[in-house]
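As a basis for the values below, the full set of heavy atoms in this structure was taken, side chains included, without hydrogen atoms, waters or symmetry mates. Start at 1 and go down the list; that is how both ligands and their atoms are numbered.
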Amino acid sequence: MTSPRMNMDWDSAYRLDTPPPWSIGKPQPELAALIDQGKVRSDVLDAGCGHAALSLALAAQGYTVVGLDASATAVAAATATAAEKGLTSATFAQADITAFDGYDGRFATVLDSGLLHSLPPEKRADYVRAISRAAAPGASLYILAFAADAFGDALPDDRPGPRGLTEAELREVVSTDWEIDDVHAAKLYGNDSAFTAAPDLALERDNEGHVLMSGFLLSAHKPA
Ligand SMILES: C[S@@+](CC[C@H](N)C(=O)[O-])C[C@H]1O[C@@H](n2cnc3c(N)ncnc32)[C@H](O)[C@@H]1O
């Protein structure tokens with residue numbers, strides 16, 4: 001059945017004066033840690049890159065990275081920031097990540113910073129297949145996604161927004177095309193200022209203006 005939460009107008013979120021809740025101006029800490037641990041290899045696909053702090057951080061360290069996103073506004077902003085910073089190894093394009101082509105077998109690492117939980121559930125399998133097609137044999141995949149209970153009951157079903165996953169759902173959707181190496185509990189950071197309209201949400205906070213929400217970090221690889 002089609003979820004009523006699928007009607008998210010992503011581009012409009014990027015046309016507002018203030019950054020969207022997920023654009024924290026730096027890579028999600030869970031993914032930054034993977035970079036620090038040397039687990040990311042070029043070429044990298046940043047799936048659903050948004051403002052692309054992750055791609056830009058990777059390019060600044062010498063990685064070749066492609067960011068794809070459905071939002072033309074986000075892609076334009078990411079392209080402009082890369083140009084401003086002289087980061088020529090990061091390129092961006094508008095694409096539907098559930099049905100893109102042109103990159104067959106190219107990427108050694110696929111990174112998903114909050115994309116999977118943003119897709120309508122019926123598009124998840126198409127997405128997993130599309131990124132597998134774009135990945136090289138043996139490629140690594142890392143997905144950072146909200147847990148199903150990340151917001152408790154605070155998001156009613158008729159509201160556009162993320163659809164978190166249970167660990168079992170996450171494993172089931174990814175394992176069709178990838179070999180799963182690990183799934184563990186993880187935190188996703190958001191801008192606290194974006195949550196003032198939802199005072200009932202009992203969320204963990206840091207002292208740097210972020211809310212911390214529950215999720216999972218999945219690690220997988222494409223069979224060689
Ligand atoms: C929660 S945001 C995360 C953005 C970015 N990865 C980050 O960490 O800031 C989800 C992103 O997925 C993008 N998106 C949603 N559906 C998409 C699709 N079918 N194809 C490509 N991008 C999509 C949205 O435009 C948005 O930028």
Below 4.0 angstrom from a heavy atom of [X], which ligand 1 atoms are there? Numbered from 1 as shown, please.
| X | answer |
| --- | --- |
| Y14 | 4 (C), 25 (O), 26 (C), 27 (O) |
| G114 | 1 (C), 10 (C) |
| A95 | 20 (N), 21 (C) |

Is there a polar contact, in the sense of an N or O pair closer than 3.5 Å, between [X] and ligand 1?
| X | value |
| --- | --- |
| S23 | no |
| I97 | yes |
| D46 | no |
| D96 | yes |
| L119 | no |

Among protein heavy atoms, which lies nearest [atom], and at what distance?
| atom | result |
| --- | --- |
| atom 14 (N) of ligand 1 | L115 CD1, 3.6 Å |
| atom 15 (C) of ligand 1 | W10 NE1, 3.3 Å |
| atom 25 (O) of ligand 1 | D69 OD1, 2.6 Å |
| atom 9 (O) of ligand 1 | W22 CD1, 3.4 Å |
| atom 7 (C) of ligand 1 | S113 O, 3.7 Å |
| atom 22 (N) of ligand 1 | A70 N, 3.0 Å |

> Per the side chain to side chain contact (heavy atoms under 4.5 Å, CB included) rule, which among I131, D46, V44 passes with V110?
Replying inline: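 It is I131, the one option of I131, D46, V44 that forms the side chain to side chain contact (heavy atoms under 4.5 Å, CB included) with V110.
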> Would V174 end up clustered with I97 when hydrophobic side chains under 4.5 Å apart are linked, directly or stepwise?
Replying inline: yes
> Any chain of hydrophobic side-chain contacts (each under 4.5 Å) joining L45 to L217?
Replying inline: no
Say you draw a straight line from [atom1] of [X] to [atom2] of [Y]; how long is it, rounded to the nearest 0.5 Å?
| X | Y | atom1 | atom2 | value |
| --- | --- | --- | --- | --- |
| L34 | Y142 | CG | OH | 5.5 Å |
| F216 | R171 | CZ | CZ | 9.5 Å |
| M213 | W22 | CE | CH2 | 11.0 Å |
| E172 | L165 | CD | CG | 10.5 Å |

> Taking the six-membered ring for Trp, is the centroid-to-centroid distance between H51 and Y14 below 6.0 Å?
Replying inline: yes
>> R133 vs D101, test: salt bridge (Lys or Arg N to Asp or Glu O under 4.0 Å). Steps then yes/no.
In response: CA-CA 8 Å; R133 191 169 53 239; D101 51 27; 5.9 Å; no
> Which of parallel (below 30°), tilted (30 to 60°) and perpendicular (above 60°) describes H210 and Y189?
Replying inline: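 Judged by the thresholds at 30° and 60°, the geometry between H210 and Y189 is perpendicular.
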> Does A53 have a non-hydrogen atom less than 4.0 Å from ligand 1?
Replying inline: no
> Going by heavy atoms, is S118 under 4.0 Å from ligand 1?
Replying inline: yes
> Where's the contact between C49 and ligand 1, heavy-atom distance under 4.0 Å: side chain, backbone, both or neither?
Replying inline: backbone
> If we ignore angles and hydrogens, is there a donor and acceptor under 3.5 Å between the side chains of S193 and N191?
Replying inline: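 No, no side-chain donor-acceptor contact under 3.5 Å.
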> Out of A72, G48, A47, P27, whose heavy atom sits nearest atom 6 (N) of ligand 1?
Replying inline: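 Minimum heavy-atom distance to atom 6 (N) of ligand 1 goes to G48.
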